[in-house]
Structure formats: C-alpha cells, structure tokens
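Because the structure is predicted, anything quoted here is derived from the model rather than measured. Keep in mind that the numbers below use all heavy atoms, side chains included, and drop hydrogens, waters and symmetry copies.
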Number of protein chains: 2
Amino acid sequence: MTAERTERVTIRHVAHNAGVSVATVSRVFAGSNSVSEELTSRVLDAARDLGYTPHAVAQSLASGRTRVVGVLVPNLANPYFYALIKHMLHEADRDGYRLIVADSDESLAAEPALGMSLLGRSDGLVLLSPRCNAEVLTELSRQGKPITVVNRQIDELGLSSVLVDNFTAMRKLAQHTIDLGHRRLVYLQGPARSWQERERWRAMRTIRAPGVSVTPVRAGGTMEDGHAAVPRILAADCTAVLAHNDLTAIGVIAGLQERGLSVPQDMSVTGFDDIPFARFTNPALTTVHSPQEEIGRAAWRITAGMLHGDRPGARTLLTTEPVIRASTAPLM
Amino acid sequence: MTAERTERVTIRHVAHNAGVSVATVSRVFAGSNSVSEELTSRVLDAARDLGYTPHAVAQSLASGRTRVVGVLVPNLANPYFYALIKHMLHEADRDGYRLIVADSDESLAAEPALGMSLLGRSDGLVLLSPRCNAEVLTELSRQGKPITVVNRQIDELGLSSVLVDNFTAMRKLAQHTIDLGHRRLVYLQGPARSWQERERWRAMRTIRAPGVSVTPVRAGGTMEDGHAAVPRILAADCTAVLAHNDLTAIGVIAGLQERGLSVPQDMSVTGFDDIPFARFTNPALTTVHSPQEEIGRAAWRITAGMLHGDRPGARTLLTTEPVIRASTAPLM
DNA sequence: ATACCGCGAGAAAGCGGTTACAAGCGACGC
DNA sequence: GCGTCGCTTGTAACCGCTTTCTCGCGGTAT
C-alpha cells in the first residue's frame, strides 16, 4: 500500500469542477431548495466524481453547530445506563446527531472536567444520574448550551430533566414484601451521592407498619458490592432484602446461594431498574421496572427540543411499577 | 435567569489583555516551552480572569487533529462490548482523547455510514467485531486515518487488529464437556457474519472423538435468542449445549429452568466471553475468559500508536482459557 | 568591530466550510 | 417604459485557532 498523500477534496474543488461558487455547493449540500435543478445536479455530479465529503469539523466551526451531543455516565458497566444510551443513540441518530460518551466511573471529582470537555465538542450535554453538586452544574450551564439531567432533581437552575418516581415505586415494592409477611427488612444502600439512592432510601424510611423494621446496610451499586454485603445482611437477621438496584441484588443472590441459602425460600430479594438480565436470573428477579427506553427517548426529545430553540426547564416525570417475579415469596 | 448573550472569550481577547500576540497565547496553551516565564504567566493570568477555554472545534480545524477516536459497536447491549469500551475509554482519557461511540445494532447495512460519519469527526476508528465485508473496510481505510479492527481477521488490507484465539479456546471448552462424559453436544450458533462465530463453529467442526456428535442450532447473540432456541435444543436430544456466547447461554439456562430442567444435572451449558455476569448466574457459568480489559487496552495502544505515526498493520493476538464453573457437570 | 547563530515573539496565511449581503435578471404592475 | 419585486447566484467576511515564516536582538566566534 503506497502512502499516497491524497490532498483532501474541498468544497472549492467541487465548485471549480461544477463551474459554480462555493456558496452554491454549500447550499446544495445544506439541502437548500433555492438552487436551480441544473446547478444542483452539476454540483452533485462533480462531488461524486471527486469523492467529496463535507469536512464535519469545518462545518462545525463555521456554523457553530457540531451535531454532537455529549453523554456523561456514572458507570457504563451498569446495563441500566447503556440501555438508556442505546435508546438515545437511536433517537439521536435519526435526527442526524452523534453521541459522544464519557464514563466518570463513579468518580465525583472527574465529573466537572469530563462534562466540560464533552461540552467543548458538542452542542449539548446529557447527564445521567450525575453525582456532582449544584455548583458544578451551574458552571456547566454557564457555557450556554442545553443540558438535560436524568435521574436527578434540580430545582434551582433552569435545567431540563427527566425523572422517574423512585419514591412511590420503592414504597410499593416494600409494601409487596410486607404483604408477603416479611417483617424484618434490610435495605441495601447504593451510591451515596445518587439522587435515586436518596429517593429510594427516603421511601424506605417512611415504612411504618406494625412490627416491621427496616435496617440499612451500606453497599454500593455493583454486583461485587452486593456480593460483599452478604455477611452484613445475614448479621442483620432479616427475611427480605431490598437492594438499591438489580446489580447489587444479583450479587446478593449469588452470595446467599454460595452459602447454601436459597432464594426466595430462605430469603426474599428485590432489585430496582429491571435491567434485561433481571428476567433471566435464577430465580427471576422481583424488581421495579424503570422505563429505560422511555427515559432515553424523553431525554433525547428534550435535548433535541432545546437544540431547536426550546426554552430549558422542561421536566418529564415518569412513573414506574414493581414487577413481581420469583425472587420474593411469602414468609414461611 | 436572564438570557445573557455571553460573547465567547477567544484567544484574541486573552492576547489583548495579556499584551501579547495570539500566537503566544496559542503557544502557552500548547505547552510550548519557547515562551518566557514572564509572558507565560501574563497569558495564564489573563486567561483565568477572562475564563478562557480553547475552542476545541477551532483547534481541530486548524491543527487537523480532533483528539477524538470513533468506536463502532455491533451491539451495545452486550456487556462484552461495553467492557471493552469502558477500558478503552480510560486508556484514551489518560492520553487526552475522547471516544465517540456508535451502535450499529447488528445491522450490516448501517455500518458503512456510521463508520464514515464517525471517521469524519475523529482521528481514527476502532471497529469492534465488524460484520461488514472487505470492500467497506477498504472504503473506510481510504480516508487515510488509522483504523483498528477488533475480533475480526483481515489479511488483505493494511489494517491493525486485535484478535483473540477463539478457535483454540472453543476446542478446549468442547474437550472439557467431552471429558465430563458428554457425547451428544449442541453448538448454539451466534450472529452469522461474526468472525468470532465462524471461528467458534470452525472449532466445533474439528471435534472428532468416538461417539461424539455436534449438532448446530441457529440462534443469535442475545439472551432472547438463547431463550427462544430451547425447544430446538431439546429436540436435538443432547446432554450439553455450548452457546456462542454468555448472553445466549444465560437465555438457554433460563429457558431450561422454566421447563423444570436443572443445570447442570439435566443439561450442561457453556458460554463464551466471561462477561461480569457469568460469575453471578445460578449456576455460575462455565465459559471462556475473553480478556476484555487486555483487548480494550491493546486496541487503544495500537490506535494511539498509529495516531503518533506508527505504521498500520500491527497485530495483537491474545490467548484465552476456559473457566470451569458450575454450569457443567459429569454426565449422570 | 563584523558576521553569524540561536532564540523568543509577532504577523499573517491558512484550515474548510457558512452565510450576510449584494448583484444580476426576468417578470409584473401601473 | 420604468420602478419594483422576487429569485438565484456570487463575493467575501468571518468562525477561532495553529503554524510557518520572518524579524529583531543579544551573545559568541573570528
């Protein structure tokens, strides 16, 4: 393969070959209908012959739009997040936008820099379950570009957001275990700075029923965290454990089974999110169906709206319901 | 919130406030050491006061480098891929690069356009398990930018690649089930155009042992595909099923369990990839550990090398081994 | 003292597009 | 017959930064 230094074909070459001005070529590629058919086809022919492709970066600089939107995820290893991303990806794609993804890996400190960096190369930003404080969000919004926050309630700033009613769903899920006869519950806490965690835990603290106790156990958001929490769960002498999310629930179930305990006979376990795996675990996981597809779609629609000039501040609140599967059972 | 039309702070403002030329400001931000300390600090002070941030798009246009690398994934819903991406993301980050991700969703037709689009906004491209044919790859490589292909052997073109020895690992895994006494095996085929699938199936076809039969059953790459294949697996009257990957294996196990069969007592099941979930399923999945972290790292190193001028054509071949867990057992 | 060298700094020409503005031109109304 | 309008097309000024080239200057070899 010879390293032929192919000079890039620019709009000027096309203009020259088609015998028109660069403006006309630009118009043709922008889909403007104010160019005569005659010139349009001459431009298109010349472009095809030369193998011209518009230079995306130059277009961005000149037009001030990148047709890219950044997405900041706290942890790409959680199927919950990539399900969201996957749906956003498709919605964005059909609008001609690309998504640029960064993973903060649950690092609070990394969020501001990553967010800024994403914003620098994009027209807007979607923050999934951001852990950062309001100052950072203010700083980011100061760039004047659309920002959509998912799974985090922000009232102060004029940011748009997509929220799921974690509180009500968690209450319903807890009620389900209580209805099954469980009295000593453990709530397995997730990432400390997560809004969803705060909502879920807040819901658990409102549980008031005769004889019912809720013991919090610290964990985190991963399967390993759930797995590692098992000794502490057992020490709490409970009959049901409500995990922060599906991932930790899966870890808990594996840990219990390794110790010869069976779920749900010896212990009921619930998750939250309803990731695709939840249906396929053994036993299938009782959880809360968080509408990942709708969230992804809503996040994109709101963002796209702002890119087209909508005022920020739109708020979408989605509701969600428990999904009862096989990991919970009546107390024996 | 007032919609203050904040004019962007440009390099010129900084230059003016610092009493130097724009060239000097540019040099300071580029980390050139040919600027005197005196001027360097004046520039830095002015930049801080004004809240200046270099305009990434303009930098890209002027320098010809975007500091972005595109990644094309066939299916973001497979943890195998996002594990790769996650590791690449981190490697790239420490080199000051961003990754821009697109998901072709197993659509062969979508790959060329997505690849081109990614390439247009980036300095290079990483194709994960691409399904497209050689012509498309040639077309993409014509752009003159570094392309790294992961999990796909390409000899003709001068592309760099990272490969895992699927063939040997699959043979070893099959041998494992044979050693356990199984004779009637089913191989559950994955995505047709996947190189990994071809390698794995090729390995299965080399199995020659007295009384051993291997029956192929078509499926796909997802949990649903594995789940849906269960009737056909049962019809094949086998005692062990080797699935294309972990996801389908998980689907198969769930399907078997729904029918009251237990794994591994009634049926041994294996996967491939060793996604994080494989350790936490019930029973824990016997699979092949595909070194996702190393692959991600290698893919980035090779790509980064080419970005720094290395010649393309580098090839990394990784080996991998079966991981025996609890989803396989001796034939009763 | 003269010529030369090296180095720090600035001027200016791009990078490849977009788009405001102007111009040309045929049609139409009065 | 002339002013006006509308539509297509071209001219050229950016978008914000990088980088080459040039220049001025102080220091060293001759």
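Across all strands shown, A:F29 has no heavy atoms under 4.0 Å from either base or sugar-phosphate atoms. Contact annotation for A:T10: backbone-only contact, meaning every heavy-atom pair under 4.0 Å involves sugar-phosphate atoms and none involves a base. A:V25 comes within contact range of no nucleotide atom at all, as no heavy-atom separation falls under 4.0 Å. Counting non-hydrogen atoms under 4.0 angstrom, A:V57 reaches nothing in the nucleic acid.
For A:E111 and A:R131, the salt-bridge test fails: no basic side-chain N is under 4.0 Å from an acidic carboxylate O. Salt bridge B:R297/B:E294: absent, no basic N to carboxylate O contact under 4.0 Å.
Side-chain contact, A:T148 with A:T303: a donor N or O sits under 3.5 Å from an acceptor N or O. Looking only at atom types and distance, the side chain of B:N151 has a donor-acceptor partner in the side chain of B:Y80 under 3.5 Å away. Between the side chains of A:R98 and B:S117, at least one donor N or O lies within less than 3.5 Å of an accepting N or O. There is a side-chain donor-acceptor pair under 3.5 Å between A:S21 and A:T24.
Of all heavy-atom pairs between B:G120 and A:V57, the closest is O-CG2, 4.4 Å.
Where DNA chain D meets chain B (any atom under 4.0 Å from a heavy atom), the bounding nucleotides read 5' to 3' are D:dG16 to D:dT20. Scanning DNA chain C 5' to 3' for nucleotides with an atom closer than 4.0 angstrom to a non-hydrogen atom of chain B gives a first and last hit of C:dG8 to C:dG16.
For B:T24 and B:A58, each mapped to the nucleotide of DNA chain C holding its nearest heavy atom, the one lying further toward the 5' end belongs to B:T24. Looking at which nucleotide of DNA chain C each of A:S63 and B:V20 is closest to, the 5′-most match is held by B:V20. Positionally, the nearest nucleotide of DNA chain D for A:V35 lies more toward the 5' end than for the other of A:V35 and B:P54.
The aromatic rings of A:Y82 and B:Y82 are tilted relative to each other, their planes meeting at an angle between 30° and 60°.
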